[in-house]
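Just below is one structure, and these are the notes that go with it.
By convention in this document, chain letters (A, B, ...) are assigned in the order of the sequence lines, proteins followed by strands, and residues within each chain are numbered from 1.
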Amino acid sequence: MESGNGGGGGKEGDLSGEMEVDAYRRLFPLRFYERHLLESVRPDARPLAHARDTSLALGAVATADGSALAKIGCTTMLAGIKLEVMTPSTDSPDEGCIAIEFYMPPICSPIVRPGRPAEVAPVIAKQLSDVILSSGMVNLKELSLISGKAAWMAYLDIYCLDADGALFDAALLSAVAAFSHLHLPPVSVNDDGRVVTMSKEQVEGNSAKEPVNKERRKLTLNSIPFSLTCILYKKYILVDPTAEEESIMESLVTVVLDTSGRLVSLYKPGGTVLAYTSTIQDCVALTRQRVKELRKILNEALVDMEVD
Amino acid sequence: MAGKSASAPMTYNPSPPTQKKKQKQPIFQDVDWVRADDRGFHQCRPAFMRSGAVNAASGSAYAEFGNTKVIVSIFGPRESKKAMMYSDIGRLNCSVSFTTFSTQTRGQGSDHKEFSSMLHKALEGAVILESFPKTTVDIFALVLESGGSDLPVIISCASLALADAGIMMFDLVTSVSVSCLGKNLVIDPTSEEESDQDGSFMISCMPSRNEVTQLTITGEWSTSKIHEAMELCLDACSKLGKIMRTSIILSITSNSCLYCKNSGIKRRGLEALEQMECLELGVTKPHLTLLTTPRIQPTQPDP
């Protein structure tokens with residue numbers, strides 16, 4: 001049935017008058033979408049170049065040192081950063097480290113079951129760590145505590161709570177938001193040579209020990225990367241696809257730009273449509289627009305947090 | 001750079017080790033001490049529950065009790081695993097997992113392997129398994145943040161999610177726990193209170209039918225204490241049941257007005273919920289407001 005619904009058209013076209021919308025949508029998904037695309041609209045009433053409503057909440061989890069919940073349409077991602085102390089390697093004694101993991105727990109989608117993890121999860125994890133580490137958003141030197149002795153290891157774990165397309169975009173948004181929410185706790189070195197966090201009273205009162213990291217409580221993030229996923233289908237470009245759209249039309253292009261407009265990554269994993277240079281340029285232009293939107297959303301979330 | 005993270009150097013949590021335990025204990029022995037969050041001994045934490053948090057699932061719910069935040073998704077009824085024997089009645093398949101950042105020290109949540117089977121046992125008596133023969137209903141829970149009384153919150157949240165998925169049940173299952181700290185019984189304990197407790201008591205029940213589905217008692221208890229704890233828990237369970245009913249009604253009414261996505265109706269709904277619940281358990285606005293927006297059904301132009 002899947003193979004037959006794309007071409008032909010005559011038979012299905014006749015059926016469309018008699019069938020219920022939902023049945024038609026399930027039986028002939030591609031025809032259903034083509035009819036929408038002719039009108040330059042999508043089944044969820046979006047124009048082709050519009051992303052879904054996006055929202056951000058910082059500090060969602062109190063047990064994490066930095067956390068954020070990002071929502072693009074129904075796709076929901078929760079990112080949390082836990083800081084631990086490590087001994088830096090000898091070739092970079094004054095640099096910390098970031099370890100990134102992406103999880104798709106079974107709650108997020110009917111296709112993921114315990115013991116049968118989603119195939120896309122490791123792909124997205126790799127993309128995320130490539131983008132975050134190569135964009136230079138976090139200066140690893142800022143994660144240093146005592147040169148050659150101790151540095152922060154930032155464990156960034158991103159959980160997909162609801163999977164409805166554009167997973168990478170939502171995951172990256174939650175990850176950068178978690179970094180902008182991250183607080184570095186004041187620490188001192190105890191008698192055993194271990195690094196220990198100090199309580200508020202210890203920092204304010206004149207405790208015997210001085211905090212090792214006096215001045216730095218937040219990371220300075222330079223050139224934050226944001227991404228946009230587009231679907232290419234015939235001459236159309238559909239921005240920010242839902243899970244349904246991703247399953248029907250297979251050619252995806254993900255563009256990652258940073259806030260200064262530089263291209264960080266471009267990812268087109270196979271697919272049936274050959275992406276022409278002009279199409280790719282269109283995708284980059286759309287992403288540039290989206291970066292502005294996302295930057296505004298992140299700034300608003302940061303302001304909201306300071307007000308609270 | 002990626003190579004560095006792959007080699008995974010030894011790391012440790014810088015938070016000071018919990019040697020406070022020894023100093024704290026005497027406070028609990030006293031009759032009058034104050035709980036860290038200024039609650040009375042018999043007062044539950046501010047709670048928020050809402051169904052319909054995950055769109056991809058057949059049913060779902062989000063619960064927030066103080067710092068404990070749990071999300072439960074229901075899938076199915078769907079085909080049982082191939083290896084399963086034929087069964088006249090349906091099956092429940094429960095799985096509970098924790099995020100790595102849910103606990104103070106990273107990755108400690110995986111200590112609770114028994115939660116999945118406890119959840120299964122607490123719910124199976126309430127679900128009408130005959131209503132979905134040969135198939136399985138999957139109940140998946142993820143603890144976003146563990147702040148104490150995790151299992152009772154998971155159980156209550158899961159039964160709300162089952163109701164949201166339209167799975168037939170005799171009644172909602174609500175669950176509450178009590179910790180025994182010295183001479184006092186404290187209801188709905190936080191993680192700190194749980195780590196210092198002498199004994200714990202947890203009950204899961206169907207409040208309208210007045211039936212208990214699960215009862216766990218650990219530690220040292222006198223008969224009178226057990227009676228006291230039981231009464232406390234059953235009372236809280238029936239109150240919680242009312243809250244869960246309200247949130248189901250609210251999710252139905254707010255889902256039915258599909259076009260009021262940005263209008264004030266959602267907000268008014270939330271406030272109404274709060275007013276209703278403030279009388280019962282003291283309910284606050286949720287932390288993760290984003291998870292609790294009602295499901296929006298798209299408009300469909302005719303093909």
Under a 4.5 Å heavy-atom cutoff, which of [options] has the most pairs with chain B?
{"options": "A:Pro110, A:Gly80, A:Pro105", "value": "A:Pro110"}
{"options": "A:Asp162, A:Thr75, A:Leu83", "value": "A:Asp162"}
{"options": "A:Pro106, A:Ala64, A:Ser109", "value": "A:Pro106"}

- request: Tell me, for B:Phe75 versus chain A, whether the close heavy atoms (under 4.5 Å) come from the side chain, the backbone, both or neither.
  value: side chain
Main-chain N/O of [Y] paired with [X] side-chain donor or acceptor, under 3.5 Å:
{"X": "B:Arg106", "Y": "A:Lys82", "result": "no"}
{"X": "A:His36", "Y": "A:Phe32", "result": "yes"}
{"X": "A:Arg46", "Y": "A:His50", "result": "yes"}
{"X": "B:Ser60", "Y": "B:Ser73", "result": "no"}

query: Checking A:Ala79 against chain B: side chain, backbone, both or neither under 4.5 Å from a heavy atom?
result: backbone
message: Are A:Tyr159 and B:Phe101 an aromatic pair, judged by ring center distance below 6.0 Å?
response: yes
- request: Report the option among B:Ser97, B:Ser95, B:Ser146, B:Ser102 that has the most heavy-atom pairs separated by less than 4.5 Å from atoms of chain A.
  value: B:Ser102
